[in-house]
Amino acid sequence: MEYSLVVLGDPHSTASATTALNFARSLLKGGHDIFRVFFYHGGVQCANDLTTPAQDEARLPDEWAALKKQHNIDLVVCIAAGIKRGVLDQSEAERHEKTCSNLHPAFELSGLGQLVEATERSDRIITFGA
Amino acid sequence: MNSKNQAKQILVTLSQSPYGGTLAREAIDYCLAAAAFEQNVQVLFTGDAVLQLIKDQHPEAIKQKNISKTASALPIYGIENVYADQNSLDLYNLKPENLCLPVTVVSTRQIADLLANSSSTLNF
């Protein structure tokens, strides 16, 4: 079965993103496919490459990136929710005249249409709350 | 847009209070986007989310945008089926005439039917 996931929780304030990651791993282990993970609301911080947790804590952007590399999962960050919270790729950083960008290269910024498409095409859509 | 199934019925369940966090607003933004992409969307206001629907809100005092104005746009975007949970309305002593848009008031039993008849649900 093909799934898509929606992550709404800030990874450093809620268990949402870690739960989503564990769920994703279980799905893949169980032989299911994941089409897309859409990061919205505080979940956009999962893609912040400047995230610097303590050394004995998981770094979510790298964890998602590893899963993407293994299983070719689309990792999409809502552009409006992302830039509002300071998660910008190079082109957004230039457009808004910021001194640096911080979107982890495994992720891409795009619109809510990507979530609509994921809902339309996947057999199951699972939201991980804020 | 790529699609395996054009006839999907999406139920969006909203349960956030209007100004306690920003998820309420982003959830409504999703509903409007889905409608703009011509999805078959139904919206259910439940729990604290029924407070989003109160008429005559004045959130300027806390430097917020009026969420009921955005919620009122749901029918304009073609979302005809907007539901509000009877129990949640009762909890806040709200009647349909207190709300900023026409809603179908639904019982817990009817909510179960809505969930059962949807191909996808998104919970905000």
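A note on names: the letters A, B, ... follow the listed sequences, proteins ahead of strands, and every chain is numbered from 1. Only a predicted model underlies this, so the values are computations on that prediction, with no experimental measurement involved.
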Smallest separation among heavy atoms of A/R85 and B/T22, with atom names:
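Closest pair (atom of A/R85, atom of B/T22, distance): NH2-OG1, 3.3 Å.
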
Kindly compute the distance separating [atom1] ([X]) from [atom2] ([Y]), expressed to the nearest 0.5 Å.
X	Y	atom1	atom2	answer
A/T119	B/F37	OG1	CZ	11.5 Å
A/E120	B/E38	CD	CD	10.0 Å
A/Y40	B/L122	OH	CG	11.0 Å

Just one of A/I126, A/I125, A/D123 clears the side chain to side chain contact (heavy atoms under 4.5 Å, CB included) bar with B/S120, so which one?
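Single pass found, and it is A/I125.
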
Just wondering, more than 12 heavy atoms not from A/R25 lying within 6.0 Å of its CZ?
yes

Same cluster or not: [X] versus [Y], using hydrophobic residues (I, L, V, M, F, W, Y) connected whenever any side-chain heavy atoms lie under 4.5 Å apart?
X	Y	value
B/L14	B/L114	no
A/L8	A/L60	no
B/L32	B/V103	yes
A/L75	A/V7	yes
B/V43	B/L115	no

Got a donor-acceptor contact below 3.5 angstrom from the B/Y30 side chain to the A/V116 backbone?
no

With a 4.5 angstrom heavy-atom cut-off, could you sort out which part of B/L23 is near chain A: side chain, backbone, both or neither?
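Both backbone and side chain.
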
Between the side chains of A/E117 and B/K8, is the shortest nitrogen-to-carboxylate-oxygen separation below 4.0 Å, so that they form an ion pair?
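So B/K8 does not pair with A/E117 through a salt bridge.
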
